[in-house]
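For reference, the structure discussed in these notes is given below.
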Amino acid sequence: GTTMSRVELLDTMVDTFLEKLVAAGSYQRFTDCYKHFYQLQPEMTQRIYDKFVSQLQTSIREEISEIKEEGNLEAVLNSLDRIVEEGKEHQEPAWRPSGIPEKDLCSTVAPYLLQQRDALRRHVQKQEAKNQELASAVLAGRRQVEELQQQVQARQQAWQALHREQRELLSVLRAP
Amino acid sequence: FDEIIVDIATKRKWYPRKILECVIRTLKAQLE
Amino acid sequence: MSVDPMAYEAQFFGFTPQTCLLRIYIAFQDYLFEVMQAVEQVILKKMEGIPDCEISPIQIRKCTEKFLCFMKGRFDNLFGKMEQLFLQLILRIPANILLPEDKCQETHPCTEEEFHLLRKEIEELQERYKTELCTKQALLAELEEQRIVQAKLKETLTLFDELENIGRAHGTSDFRESLVSLVQNSRKLQNIRDTVEQESKRL
């Protein structure tokens, strides 16, 4: 019921394994196998058996400690405990690599593409708005140029009329 | 077989991060 | 039976659980053999100390093999059970768990189709942005052109204004009127002259 940490579970499993292994290799069994020697030297047999058991347990426990040490297993298992704890609300089977890297990479890259797209959208909208203003300014400018051209044209025509008057005057003045 | 599994698993763990670094650099450059 | 490569576990641990357990199995087994060997060595040594010992080393070897065979059987059986538990409870990523580096698969799941659409949309946006930039250049260019043209036109108007101001400065408020009145006066003068000439001829 109580959720043991993976490290505790591992130690418990190894202890249980050792317990059962030693239980299997009982003193009874040992003396059965080394019957004659046991009959000759019962105390010695007991000592040898005890040494056998303690040595086996020590070696196996040392091996486990070494493996824990080597692969930094305790920290790794504790971090796995945390990850599992954090993900326990999520009941459905979680995603797993599909075996097609291109496919799996889509979700990895997608958030950054979405950012890129949003940034581009903002840039485009901003530029469109600016261009809208520029376009209005250009239209206003065109109207203003047109007005100025009309003004110049009117003045020009006035001067041309003047020129005609002038020519007429000359013709009048020059008349014989 | 074991080495292949570990090799693939290692790539699955680290390559997305590396690729992402390149992708982010590329996107930044494009934006600039 | 299909082998479960436990690749996802390997992604987390950096080794396959099976390899880890194989390593443990081999180490444990070696210890069992070593300890048994040590037991046999001790017994043989003790027997050397016993005068007229009837037990031969061969017999002791047989005893060792018998005990080891039994222990190995129990060892394999127990280790098999422990291995199952290891693989199920310790070195396993539960099916509902996602590793941190794969979180995005959950937060931003994206199919290849969606991914390509997203990239296409980005390319289109880039094109649109380039177009807008070109539009901006064109509009700015036209504004600059308008600025020059307007300056020129205003310069021309100023020229006309200055001309009129000159006229005004010399008492001619409106050139045209003055010219028209000049023409009229000239015509009058000419008529008078013609009349005078005619009179003089007549006289």
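Numbers restart at 1 for each chain; the letters A, B, ... are given by sequence-line order, proteins then strands.
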Worksheet item: So does C:Arg187 pair up with A:Glu168, basic N to acidic O under 4.0 Å?
Response: yes
Worksheet item: Looking only at heavy atoms, which of residues 113-125 of chain A get nearer than 4.5 Å to chain C?
Response: A:Leu113, A:Leu114, A:Gln116, A:Arg117, A:Leu120, A:Arg121, A:His123, A:Val124
Worksheet entry | Flag side-chain contact, heavy atom, 4.5 Å: C:Tyr8 against A:Pro97 | yes
Item to complete: Quickly, which of C:Leu89, C:Leu91, C:Leu85, C:Ile90 forms a side-chain contact (heavy atoms from CB on, under 4.5 Å) with A:Leu10? Name it, please.
Response: C:Ile90
Item to complete: Step through the shown structure and confirm whether more than 12 heavy atoms of other residues, nucleotides or ligands are within 6.0 Å of CD1 on C:Ile58.
Response: no
Discussion item. Under a 4.0 Å threshold between the charged nitrogen and the carboxylate oxygen, would A:Arg155 count as salt-bridged to C:Asp161?
Written reply: yes
Worksheet item: Are any of the side-chain nitrogens in C:Glu132 or A:Lys130 under 4.0 Å away from the carboxylate oxygens of its partner?
Response: no
Item to complete: Mind ranking C:Glu114, C:Glu121, C:Arg128 by heavy-atom pairs under 4.5 Å with chain A and telling me who comes out on top?
Response: C:Glu121
Fill in: Option in C:Lys66, C:Lys136, C:Gln126 with maximal non-hydrogen atom pairs under 4.5 Å from chain A
C:Lys136
Practice prompt. Report yes if some heavy atom in the side chain of C:Phe86 is under 4.5 Å from a heavy atom in the side chain of A:Leu9; otherwise report no.
Written response: no
Fill in: chain C contacts, top residue of A:Leu73, A:Leu80, A:Ile64, A:Asp104 (heavy-atom pairs, under 4.5 Å)
A:Leu80
Worksheet item: Roughly how far, to the nearest 0.5 Å, is CE of C:Met82 from CG of A:Leu18?
Response: 8.0 Å
Worksheet, complete the sentence: One option among C:Val149, C:Leu189, C:Ile50 has the most heavy-atom pairs under 4.5 Å with chain A, and it is C:Ile50
Worksheet item: Is it the side chain or the backbone of A:Leu40 that comes within 4.5 Å of chain C heavy atoms, both, or neither?
Response: side chain
Discussion item. Distance to the ring centre below 6.0 angstrom and angle to the axis at most 45 degrees; does that hold for A:Arg29 and C:Phe67?
Written reply: no
Worksheet item: Top residue by heavy-atom pair count (under 4.5 Å) with chain C, among A:Pro111, A:Ser5, A:Ala110?
Response: A:Pro111
Practice prompt. Scan residues 87-117 of chain C for pairs that pass ring pair (Phe, Tyr, Trp, His ring centres under 6.0 Å), counting only residues two or more places apart or in two chains.
Written response: none
Worksheet item: Side chain, backbone, both or neither: which part of A:Met13 has a non-hydrogen atom closer than 4.5 Å to chain C?
Response: both
Practice prompt. Heavy-atom pairs under 4.5 Å with chain C are the metric here; pick the option from A:Gln55, A:Lys20, A:Gln91 that has the most.
Written response: A:Lys20
Discussion item. Are C:Val39 and A:Tyr49 packed together at the side-chain level, in the sense that at least one heavy-atom pair is separated by less than 4.5 angstrom?
Written reply: no
Item to complete: Indicate yes or no: at least one non-hydrogen side-chain atom of C:Glu112 is less than 4.5 angstrom from one of A:Glu102.
Response: yes
Worksheet item: Can you find a side-chain donor-acceptor pair between C:Tyr129 and A:Gln127 that sits under 3.5 Å?
Response: no
